[in-house]
2 protein chains.
Amino acid sequence: MNPPTIKDVAKAADVSVATVSRVLHNLAGYSDKTRQKVMQAVEELGYQPNAIARGLVNKRTQTIGVLFPDVSSSFSSDILRGIEEIAQEKGFSVIVCNTAEEGKRTMKYLQVLREKQVDGIVFTSEVLKDEYFQVIKEMRVPVILVNTMSQKYTIPYVKVDDRQAAYHATDYLIQKGHREIAMLSGSLKDQIAGYPRFEGYRQALADNGIEYDESLVAIGEFELEASRLAMRRLLAEAPSFTALFAASDEMAIGAMRAAFEQGLRIPDDLSIIGYDDLKFARMVYPPLTTIHQPLTMMGRMASEKLIALIEEGSTQVASSIVSHHLVERQTVKSKP
Amino acid sequence: MNPPTIKDVAKAADVSVATVSRVLHNLAGYSDKTRQKVMQAVEELGYQPNAIARGLVNKRTQTIGVLFPDVSSSFSSDILRGIEEIAQEKGFSVIVCNTAEEGKRTMKYLQVLREKQVDGIVFTSEVLKDEYFQVIKEMRVPVILVNTMSQKYTIPYVKVDDRQAAYHATDYLIQKGHREIAMLSGSLKDQIAGYPRFEGYRQALADNGIEYDESLVAIGEFELEASRLAMRRLLAEAPSFTALFAASDEMAIGAMRAAFEQGLRIPDDLSIIGYDDLKFARMVYPPLTTIHQPLTMMGRMASEKLIALIEEGSTQVASSIVSHHLVERQTVKSKP
DNA sequence: ATGAAAGCGCTAACAT
DNA sequence: ATGTTAGCGCTTTCAT
């Protein structure tokens, strides 16, 4: 009636459970005919090991937990895909945790992951607060940070250098002949995607002898509608500009929308470069020139590092600054 | 050194483990001061129950497995979000499984879910093959289908009526005065998103006295580039048409691209309606008129049904055909 | 080569 | 009100 256990197999094969366990794990210590008998019993009963019982004794669940601020975003799900891919290859399952806005559920989820005895955690796109770190520390499992990092604690991370990538984007615009370059930035309080990108923009200007003009940058949210409005304001009130660096693709698209509404043509009248290279960057028209972050690969790397930490008990793995690249599509044009 | 167990708590509180278990579960059978002692010990030791051990005895893991053909698609991740939301509310964790193209890893994953003793499964967007059904049956856990269904087995599902929704889309175009309506369809062998949508299109034409013209429909993949090419061919070779029904938003966007390239204006020269209402439908320009599928809600419903099945051991819950709706944006225009 | 038995951390009778 | 104990299904000494 109930699913067969190792005991049932042992009985059917007329051996002890220890022996069954041995053959199941390819350990030494049984004759070939014993092996046959056991395998046959397994086959006939349709036996499947119970990973829960196994986990109890091994203190390993072959499961990792992954925390996202928003699982359903294109950004998160690309990372997730990479994580899952490697995890399953290496025999791990992944529990997804949506921490919701401002990590409202982060603590609760860490709790759950702890009770569920996950072997490791990947923490993405959010600032690692002290309280998070404390409970993770108590869990005594490895963590990997993705698209975020911690100044305070030395935890391996996988991310691109946002400052450098933003610098790259801005510099590209400059190389194309633009001098009046506006920016749509996230909050400067945002240590992940806000401040660093703004800094990169500013530095690129400085290095090219272009004076920074505060009225050329609009600071707002990473969201289409808000960005459309911000861009509209920029267009109305700011000094004129021929190019725009948007701190995210979604912002860039909001900006494009605003530009269209003012009758501007892109890239003829205005060049725009985005950041992220989410799937829809190539779906808009004209296709968006942007900074590509290799999200799926970052997920893979994180997964690999984490599992290395789990399996080899390697105390430390190195962090990775992965390289972004700029993908030229059709929203940037040389200034004549 | 090791994380404290219930035994440690019992010792510290100077009671038996049974008593600790009782207060942890709010069962009756202890004095108030005992309760105090226990809670204090829990506090001091930082005790956290071990869900694995609990799962072993309860035969319940408070975990569900979710299978997606592609976790990272906008489509899947919207559903995932809904599932996760309800699951965490009800105290369940979700293991994500990416079955990859053509369910290559489905069998393997079902295996894993079985070993991990998940309490239930949600199976999305793929045909439920016999072999899948067999192992799920052996697992003796409830399943819910999302965006798919089974003729052969009576398994509760959550989906929209694709045929009806496609009918709606086509009929809408007709009501707007269009008579020459092309379609970009998925493979007619695709029982989920292919054939039913095609049928809806055809039926709407028929019911409005419009003759079906085979040369007006292009059958291809649900993918941007392929659709762009298909559309280009349609534009070149098919009889002229004033409107297009695309079986997915991505197809619609590919079609828009092809149209732009031919110098057509949308919706002035050509009306287009899509299907799905993924996030990027509103990001393109002009924003896409399309059939909205309430994916996140469908995820929530599936999660709810599944958990009901798990908890109340309800033998059966009803399937739900959820209603789509048509969202009017800017790609369809009345024919003058 | 094989088996007996002691747990892993917890729950749930069954006693008292 | 509280404790004792027998498992849950498995792995792993330790014997033999």
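Proteins come first, then strands; the chains are lettered A, B, ... in the order of their sequence lines, and each starts at number 1.
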The helix from C/dA1-D/dT16 to C/dT16-D/dA1: angle between terminal helix axes, five bp per end, to the nearest 10 degrees, reads 50°
Which of A/T148, A/N147, A/T99 passes side-chain hydrogen bond (donor to acceptor under 3.5 Å, both in side chains) with A/S125? It is A/N147
When A/R54 and A/K7 are each assigned the nearest nucleotide of DNA chain D, the 5'-most assignment goes to A/K7
Does A/S21 make a side-chain N or O approach to OP1 or OP2 of D/dC10 shorter than 4.0 Å? no
Expected list for residues 27-38 of chain B near DNA chain D, using heavy atoms below 4.0 Å, is B/G29, B/Y30, B/S31, B/T34
Judged by nearest nucleotide, the residue sitting upstream toward the 5' end of DNA chain D, B/D14 or A/Q48, is B/D14
The nucleotide from D/dG9, C/dG3, C/dC8 with an atom nearest the side chain of A/A18 is C/dG3
*Between D/dT4 and B/S16, is there an OP1 or OP2 to side-chain N/O distance shorter than 4.0 Å?*
no
Closest of D/dT11, C/dT11, C/dG3 to the A/R22 side chain is C/dG3
Taking C/dG9, C/dA12, D/dC10 as options, the one with an atom nearest any side-chain atom of A/L56 is C/dG9
**Message:** Below 30° counts as parallel, above 60° as perpendicular, anything between as tilted: where do the rings of A/Y153 and A/F133 land?
**Reply:** parallel
Which of D/dT2, D/dC10, C/dC10 is nearest the side chain of A/N50? It is D/dC10
With no hydrogens and no angle check, just 3.5 Å: does a side-chain donor-acceptor pair link B/K305 and B/S320?
yes
